[in-house]
2 protein chains.
Amino acid sequence: MKPASIRSIAREAGLSHSTVSLVLNNRGDELGLRSETQRQVREIAKRLNYVRNPLARGLAGKSTMTIGLLWDLAGPHLSEGMARNITLRTQNRGYTTYLFDCMSDPEVTRRQLMECRMRGVDAVVLRHSPALVMDEFSRQLKEFKAAVVVSAESLSLPVDLIQHDMVAGYVQAADHLANAGRKRPAILSPHGNISKVEAFLGHCRQRGMSVSDQSAINISGGGDPWKLMDQAIAMLTNQFPDKFPFDSLICTNDEIASAALVWLRDKGLLTPENVTVIGCNDAPFCVAMSPPLASIERHDEKVADAIEELIFSRLDDSGLPARRRIVPSQFIWRESAGRRCDHQEN
Amino acid sequence: MKPASIRSIAREAGLSHSTVSLVLNNRGDELGLRSETQRQVREIAKRLNYVRNPLARGLAGKSTMTIGLLWDLAGPHLSEGMARNITLRTQNRGYTTYLFDCMSDPEVTRRQLMECRMRGVDAVVLRHSPALVMDEFSRQLKEFKAAVVVSAESLSLPVDLIQHDMVAGYVQAADHLANAGRKRPAILSPHGNISKVEAFLGHCRQRGMSVSDQSAINISGGGDPWKLMDQAIAMLTNQFPDKFPFDSLICTNDEIASAALVWLRDKGLLTPENVTVIGCNDAPFCVAMSPPLASIERHDEKVADAIEELIFSRLDDSGLPARRRIVPSQFIWRESAGRRCDHQEN
DNA sequence: CTGAAAGCGCTTACAG
DNA sequence: CTGAAAGCGCTTACAG
């Protein structure tokens with residue numbers, strides 16, 4: 001059976017379909033339509049289970065009530081929860097979400113933004129990654145009523161921006177290690193995490209620790225945690241066949257850190273006594289490692305909150321200036337990080 | 001700037017817009033349009049970066065090139081990877097994905113299916129959960145050109161169905177435990193996993209193990225792994241203040257299992273010597289636990305493959321009968337499960 | 001071989 | 001206060 005249309009309501013009510021449309025868009029009072037007429041229209045609409053056709057509405061130039069989410073779903077930033085966090089928030093407001101895996105590919109991203117445009121999407125959320133030259137995209141983004149870019153770095157763009165500052169937690173971790181008297185830090189990360197690596201090692205150096213070229217241990221491979229763990233082990237084994245010259249190791253995700261924990265143990269090194277280990281993302285399993293794995297909490301829900309706020313405030317008021325929100329990550333101490341210093345709190 | 005339309009192409013080519021539409025829908029040859037005309041239309045379309053408006057196309061009754069994905073994104077079935085697995089597969093075929101969090105709520109699900117209908121979605125994928133009475137939905141599902149239901153149980157429905165058989169792995173696990181000489185199994189799970197609990201304990205009993213009412217340990221709480229871990233610990237502590245009367249414990253996810261591992265250790269019990277532990281979902285961190293955590297692999301990519309196959313084959317040929325695919329889970333042996341028996345292979 | 005016309009369901013000036 | 005008309009971009013009989 002065909003869904004009810006504005007015409008079927010009009011027929012039932014003995015009105016023209018334009019009157020029905022006006023009422024259903026809450027413009028009845030503004031145009032001074034009799035309140036009895038309005039009540040009746042709404043009642044019939046409800047009785048007929050009327051839902052307006054978003055395709056037709058969009059074609060007529062009005063909102064399609066949709067949000068486009070462009071994210072590198074396999075990315076190193078554990079996008080997992082994000083799709084849910086955002087979908088839930090937007091669907092609570094009556095919007096529907098398009099999910100795109102932009103794969104950090106500029107060409108794919110461009111095409112998907114065009115797709116969003118053609119589909120009359122009200123707002124887009126775009127996860128930035130270094131591969132995307134944003135200047136080029138900001139023009140495209142401005143075609144939407146609202147657009148939010150989520151980035152790890154501090155970009156300067158004429159659109160609403162959320163800086164998901166992962167570096168913050170690494171700096172806190174470096175501070176902790178300095179306070180705990182560690183001297184020789186290393187960081188184990190997949191290629192392409194330059195900003196974290198530099199921030200961490202830079203801060204370690206600043207705090208008087210001994211940092212060398214060797215301190216940055218790179219592993220290759222994409223977002224697949226299984227592969228990353230294998231390659232982390234392989235890299236460590238290959239690079240440090242005899243002595244492991246560091247007293248602290250931080251890893252850019254918890255899986256890699258857990259693999260490192262095993263590797264160190266097999267090598268006869270104690271954590272945290274000989275080498276402290278810190279992960280990143282604060283996955284639930286951290287507390288169950290032996291020893292419990294210190295980590296860096298991303299605060300993804302805060303990012304989702306900020307996305308929601310930025311998008312819907314702008315859909316409400318298109319005159320707002322470009323805004324910026326910062327969501328810092330946070331070091332979470334656990335035993336694997338070594339002695340806890342008194343002035344630390346989480 | 002406005003995107004190119006079929007009219008702008010027609011103007012450029014000196015044709016009527018209907019001719020352009022025909023060519024662009026590859027009906028040129030069928031209608032015997034001059035090939036030179038066709039070539040020219042396509043060339044202009046490309047030059048103008050023409051992308052057809054899916055809203056208009058949908059309104060005119062043709063495919064909108066969209067797929068609706070309804071899933072309980074917080075659900076106990078670790079939906080995380082699924083959204084990506086499916087999005088990637090559909091977008092490779094030129095389709096765009098709507099993501100809905102149906103929250104296992106019948107009312108929400110019903111509304112979202114209606115939403116899909118209004119949006120002219122070509123196909124829907126619906127994750128079944130016990131709260132959804134499917135008979136009621138199968139009518140709604142038949143309104144779509146293609147619909148796939150993914151369920152843990154074996155449903156009988158007149159639509160394409162994927163049975164993601166999680167029980168299979170539990171049965172294999174029970175077999176393993178029997179072969180390893182274990183006598184007193186327990187299963188730790190959130191409420192609502194009755195089918196797994198019954199299948200596991202039933203099979204244990206069949207294999208001669210000693211199963212009592214106590215063997216099923218229930219914990220409350222939703223899909224949040226943090227809370228589940230806390231509650232698992234609380235429940236174990238509360239229920240077994242003195243002696244833990246089992247020699248094997250299987251858990252319905254790896255996080256719970258990792259918490260149990262810690263609880264047992266704190267209690268002075270050795271894994272696997274005193275109590276074997278088995279998780280579920282085969283998360284990457286399993287290999288890094290001490291001892292390495294046996295688990296049950298879900299084979300989510302196989303589910304995604306089956307979804308892709310079922311949907312697109314039906315969009316190609318609507319005459320196909322209702323089909324059924326089974327994707328069984330699989331027990332993955334690791335040390336926490338105790339002695340490995342010779343005839344086992346993974 | 002090609003174009004004029006109607007229609008998909010909705011919105012919004014505009015005319016009464 | 002309310003209706004007839006045009007338009008959003010596309011598709012498809014139908015008439016030449």
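Letters A, B, ... mirror the listed sequences (proteins, then strands); counts begin at 1.
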Distance check needed: [N] [atom2] versus [X] [atom1], whole Å only.
{"X": "Asn26(B)", "N": "dT11(D)", "atom1": "CG", "atom2": "C1'", "value": "14 Å"}
{"X": "Leu31(B)", "N": "dT11(D)", "atom1": "CG", "atom2": "C1'", "value": "12 Å"}
{"X": "Gln40(B)", "N": "dC1(C)", "atom1": "CD", "atom2": "C1'", "value": "15 Å"}
{"X": "Leu24(B)", "N": "dC10(D)", "atom1": "CG", "atom2": "C1'", "value": "11 Å"}

Tell me which residues in residues 44-65 of chain B put a heavy atom below 4.0 Å from DNA chain D, sorted by number, or none.
Tyr50(B), Arg52(B), Asn53(B), Ala56(B), Arg57(B), Ala60(B), Lys62(B)
Could you check whether the side chain of His17(B) and the base of dT11(D) have a donor-acceptor pair of N or O atoms closer than 3.5 Å, going by distance alone?
yes
Mind checking Ser18(B) for me? I need base, sugar-phosphate or nothing, with any heavy atom below 4.0 Å counting as a touch.
base
With no hydrogens and no angle check, do the side chains of Asp122(A) and Ser63(A) hold a donor and an acceptor under 3.5 Å apart?
yes
Stems in DNA chain C, runs of 3 or more consecutive Watson-Crick or G-U wobble pairs with both distances under 3.5 Å, sorted by first number, are C:1-3 with D:14-16, C:5-12 with D:5-12, C:14-16 with D:1-3
Ignoring hydrogens and geometry, is there a side-chain-to-backbone donor-acceptor pair from Arg117(B) to Phe144(B) under 3.5 Å?
no
So does Arg7(B) get a side-chain nitrogen or oxygen closer than 4.0 Å to the phosphate oxygens (OP1/OP2) of dC10(D)?
no
I want to verify a distance call: between dG3(C), dC1(D), dA5(C), whose nearest atom is closest to the Leu33(A) side chain?
dC1(D)
